[in-house]
Amino acid sequence: MSEAPDQALLAAQEDRLRRVWETPGGWRYWSAVNNTEVGVWYTATSFFFFLFAGVLALIMRGQLAVPDNDLVSPGLYNQLFTLHGTMMMFLFAVPIFEAVAILILPQMLAARDLPFPRLSAFGYWCFLIGGVFVAGSIFFNAAPDGGWFMYPPLTTDPEFSGIGADIWLLGLSFIEVASIAAAVELIVGVLKCRPPGMRINLIPLYCWYVLIVAGMILFAFPPLIAGDILFEMERLFNWPFFDPSRGGDPILWQHLFWIFGHPEVYIIFLPSIALLAMIVPTFAQRPIVGYGWIVLAAVGTGFLSFGLWAHHMFTTGLPIVSQGFFSAASEAVAIPTGVQIFVFVATMLAGRVVFAIPMLYATGALAIFVFGGLTGVMVALAPFDWQAHDSYFVVAHLHYTLIGGMFFPLIAGVYYFYPFVMGRMLSDRLGKWAFWLMFTGFNIAFLPMHFTGLRGMPRRVFTYPEGLGFDLLNLVSTLGAFVMAAGVLVLTWDLVRPLNWKPKAPKNPWNAGTLEWAEGDPESPWGIRSVPIIESRYPLWDQPDLARKIHEGRFFLPDAEEGKRETMVTTVLDAEPLQVLRLPGNSFLPMLAAVFVGGSFIAATFHWWVTTILSGVIGIGVIMVWLWTGTSMIPEKREKNAGLGTVLPLYASGPSSVGWWAMFITMVGDGTAFGSLVFSYFFYWTIRPDFPPPDATGPGQFYPTLAAILALLAWGLMLLARTRNRAGHELKALFMVMGSAFAALGSGAAILWAPYVTGLEPTRDSYDATVWVLAIWTAVHLGVGVLMQGYCVARGLAGKLSARHDIDLQNVTLYWHFATITALTTALVTGLFPLAVGGG
Amino acid sequence: MLRFGDKANLWFLIAPPTIWALHFLFCYVTAAVICAKSGLSADLRPIQIAIGAATVVAALLIVAAGWKAYRHWRPSSELPPYDDPSDDDREQFLGISTFLLSCLSLVGVVFVALPALFIADCR
């Protein structure tokens, strides 16, 4: 590979690549779906929401500066703290993880883009619309005001909480869907889109974290979505899930919220620590010490974090032994968390640290986070928590963990990756100013809050009388908050000042070892010039001349002969080349789909039902057009030469296709949401002496059993259709799909008919409501399944689905595995469980 | 022919913490149901026996997973960092990571079981 490259050929290749990957100009710019554009929009939008939520915090600190202050009204103050928490969590901390991952992951993996670029774009537009809707509500004095965790019964009572609670529930549910979409994209990206040779023991640590965090999103967000459904049904239709007078229980919401809420803390902490795992080795100029230990820490934290949720509920009267379990797990999670810190310290000790600006933020982050971690060990002890609960001590603790564990590492990442994204350097001088202002301001603001809390000041109070010992501490906190804000202002200025005021970044300015620095020029739109073969964890350090060879197109996919966007798909463990994946190009469809689906959610908030339905139906229509015109396209030839003498297929279906994995992962998340609804059913059974209640009239056994049988029939026909289609009996297969659809419709009808005909009144008792919600969930899933079947039939008739090209049928069959499990579970739980406990 | 577990993979990696999670869930659900159904002064001895048994089972499973991982790791043949692009290093890396996770999961299981040992009723 040492002969001189043919310059004319290189230029021609680059020309073709540029044409294919070019960012559209003018108003069409907004149709871009490439990760380099969507990632930047996503990051900028979430940073804007961060500034917005920060201003809300400053107003709160202004109000609390002196006792008996009347800067804002109590009602507005309630909106301020609710929106501050909500926005920081849902519109900044989680989305910016997705944003940064979308931005840097493909280049880190030497992929041209993630496997579903339009899905990323859809997620972004959902986030933007939902975010503006939720944030904007404060200008109409309509923001949610029940605290960011929205405890009923305060928030289920329309008299105490106006439309704000609906805005919270529907706006955030919409954004959660976007988060799950991003999670699907990132998991498939890390597992299937790595460069050849990048085996599982060689992947950048950032990717390990992304994989784990995306997996956590899949299990953490769905319980909240399930909770949101129950909550909104209570608010809109008076179904008594959380109303104790009709057999409901507000504690159920706390469980569902915190099963999401505690893992969420780690969902935002781990990706930021992941940035440190990239930054620390670069500035220590040596590989990380203890790569395996980081994997242990990341996976371990990911799992353990799901056993902590009830430590937010120590004061709700849980049995002491239950508190013990959660307390023990909360202490145990300190082990993997600590391991990461030691790994970073060891790497710094073993290398020769260059103290550039990103390292300044990294060390500041570690200092603050360790402090917050230690108070975390304190509040994880139930007896201490009983004292500190809902006091300013908790406010101090959570800000130390989040700002130390998430915000400072993120800013370290901003300084580190800015040259990679923009091709310019941020200012050292401004960076130092911003750091010291934020670091000192933060500590001045939040350190005193530990004492304010221990002296007894509760959180979420709009004012306090003088002379209780809170006055000076609060004034100091307010001063600190404004110093920190000054730092944020300096940072923001450094980010937004005109690009040509900033020096051009040299290639690989930090002398990093990982692949995202190989290209060295954000102006070239293709992400990576050719997809290299990887032999090291730090290929730019260990593989001589790698960057040059990549530029000379000496590896895979150096060209775009057919004028199509392409990237490599490889195997999960050893990254052996499997397929050349054709990626969809720019399109306004994801944006349109987000507008209409979002419109449906927003209209529901205001109870405009016709608009809700209309907007939803158009949204589904747009998604159908998007799928029809942009997915499972049949390539013009079977395979192509990917370079280096490797011929790879252009089409793959079933478990070897990325779409199949996306469906599988999505349905795991969907199953988790369904599991949470089933959990609710058994939760009521646990806490109520009589469940099902003696006066419950349904749903009986006949119709649930019928529904189960029909669902099994639908599933069997789908399996048969898949096999027949593969065997070449394409028309027969289509008839089977149609037969399956009829069986599915029958099953859905039976499952809904059961509670209806037996007279279950969802507003009467939480039992009736729970049976109804399980039935509706199942019927909707069967309905969606039928929609998919209709799509398959249409594809078949249009000649886009055949024995060889059966992605759609494979994926829909996979969906049907899950839909069938859902239907069987609902039938078993609602129909047969009452028999088992002697009710019904 | 490969026998079950001859080759390390990602499912083996997440097996030990999954066992931890199932054990955790079992402890929590058992105690919650008994406490809810029999009142705050319910005798926890049956729970202690059930949780004790579950803990032994979970611990044995984790030890088995850890042993398997140790075999993949083979620390005597080569020390970390296992960063060569070879089958051997991939196996050893997955081995050591799974082994470490087994240790953490074992500690986690013991941690979570302890409250059941020391707390005798539901109050």
Side-chain angles (χ1 to χ4, degrees), chain A residues 191 197-202 208 211-212 215 287-297 299-304 306-307 310 317-333 335-336 339 382 533-538 542 572-575 682-683 685-689, chain B residues 7-10 13-14 16-18 20-21 24-25 27-29 31-37 40 42 44 47-48 51 73 80-87 89-101 103-105 107-116 118-123:
Chain A
L191 289 180
M198 188 188 271
R199 292 166 184 253
I200 201 86
N201 58 324
L202 300 184
W208 269 109
L211 182 62
I212 286 148
I288 195 117
V289 175
Y291 181 94
W293 287 88
I294 287 270
V295 175
L296 149 87
V299 180
T301 315
F303 272 86
L304 291 179
F306 278 85
L318 290 176
I320 194 86
V321 66
S322 303
Q323 297 191 28
F325 297 141
F326 286 98
S327 189
S330 306
E331 302 295 354
V333 82
I335 302 171
V339 163
I533 299 170
I534 296 307
E535 294 160 0
S536 154
R537 284 178 190 158
Y538 299 91
D542 298 336
V572 171
L573 278 188
D574 288 335
F682 288 103
F683 177 83
W685 170 72
T686 313
I687 58 152
R688 287 173 58 168
Chain B
K7 198 164 168 276
N9 62 37
L10 290 178
L13 182 78
I14 60 169
T18 307
W20 170 86
F24 178 85
L25 214 59
C27 294
Y28 164 62
V29 169
V33 169
I34 302 259
C35 287
K37 292 288 175 198
L40 287 183
L44 281 193
I47 302 185
Q48 288 178 327
I51 289 180
W73 174 19
Y82 310 128
D83 55 357
D84 284 338
S86 64
D87 287 353
D89 273 28
R90 181 206 62 219
E91 288 292 292
Q92 291 192 293
F93 157 72
L94 284 173
I96 188 177
S97 303
T98 311
F99 179 79
L100 292 174
L101 267 168
C103 297
L104 176 68
S105 306
V107 172
V109 162
V110 173
F111 256 50
V112 169
L114 282 178
F118 290 115
I119 297 172
D121 64 28
C122 291
R123 270 188 289 267

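Each chain gets a letter, A, B and so on, in the order its sequence line appears, and its residues count up from 1.
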Stepwise ring pair (Phe, Tyr, Trp, His ring centres under 6.0 Å) test for B:Tyr82 and A:Tyr291 = CA-CA 9 Å; B:Tyr82 310 128; A:Tyr291 181 94; over 10 Å; no
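For B:Ser86, the part lying under 4.5 angstrom from a heavy atom of chain A is the backbone only. For B:Pro81, the parts lying under 4.5 angstrom from a heavy atom of chain A are both the backbone and the side chain. In this structure, no portion of A:Ile212 lies under 4.5 Å from any heavy atom of chain B. Neither the backbone nor the side chain of B:Ile34 comes within contact range of chain A; no heavy atom of the residue lies under 4.5 Å from a heavy atom of that chain. When heavy atoms are compared at a cutoff of 4.5 Å, B:Val107 approaches chain A solely by way of its side chain, counted from C-beta outward. Interface residue B:Ile14: backbone and side-chain heavy atoms are both found under 4.5 Å from chain A. With a threshold of 4.5 angstrom between heavy atoms, B:Asp87 approaches chain A through its backbone and through its side chain. For A:Glu331, the parts lying under 4.5 angstrom from a heavy atom of chain B are both the backbone and the side chain. With a 4.5 Å cut-off on non-hydrogen atoms, B:Tyr28 touches chain A through its backbone and its side chain both.
Ranked by heavy-atom pairs shorter than 4.5 Å toward chain A, the options B:Ser97, B:Ala32, B:Cys27, B:Ala36 are led by B:Cys27. When each of A:Phe303, A:Trp685, A:Tyr538 is scored by its heavy-atom pairs under 4.5 Å with chain B, the top score falls to A:Phe303. Most heavy-atom pairs under 4.5 Å with chain B, from the set A:Asp542, A:Val572, A:Leu304, A:Ile335: that is A:Leu304. Annotation: maximal heavy-atom pairing with chain B below 4.5 Å, among A:Val295, A:Val333, A:Ile200, A:Ile288, occurs at A:Ile200. Chain B forms more heavy-atom pairs under 4.5 Å with one residue of A:Gly317, A:Ala332, A:Ser327, A:Gly290 than with any other, namely A:Ala332. Ranked by heavy-atom pairs under 4.5 Å with chain A, the list B:Ile96, B:Asp89, B:Leu25 is led by B:Asp89.
With sequence neighbours excluded, the residues forming a side chain to side chain contact (heavy atoms under 4.5 Å, CB included) with B:Asn9 are A:Leu573, B:Trp11, B:Phe12, listed by chain and number. A search for side chain to side chain contact (heavy atoms under 4.5 Å, CB included) contacts involving A:Pro319 returns A:Val321, A:Ser322, B:Cys35, B:Cys122, not counting sequence neighbours.
The number of heavy-atom neighbours closer than 6.0 Å to CH2 of A:Trp293, taken from other residues, nucleotides and ligands shown, is 12 or below.
Although no hydrogens or angles enter the test, the distance criterion places a donor-acceptor pair under 3.5 Å between the side chain of B:Lys37 and the main chain of A:Arg688.
For the pair B:Ala31 and A:Phe325, the tightest heavy-atom approach, listed with the atom from each and the gap, is CB-CE1, 3.7 Å. Shown here for A:Arg199 and B:Arg90, the closest heavy-atom pair between the two residues is NH1-NH1, 3.7 Å. When every heavy atom of B:Phe93 is checked against every heavy atom of A:Gly292, the shortest pair comes out as CE1-CA, 4.2 Å.
Within the 4.5 Å cutoff, no side-chain heavy atoms of B:Val29 are placed close to those of A:Phe682. Considering only heavy atoms from C-beta on, A:Pro336 comes within 4.5 Å of B:Leu104 through its side chain.
We find the CG-CD1 distance between B:Leu100 and A:Ile294 to be 12.0 Å, quoted to the nearest 0.5 Å. In this structure, B:Asp84 CG and A:Arg537 CZ are separated by 9.0 Å, a value rounded to the nearest 0.5 Å.
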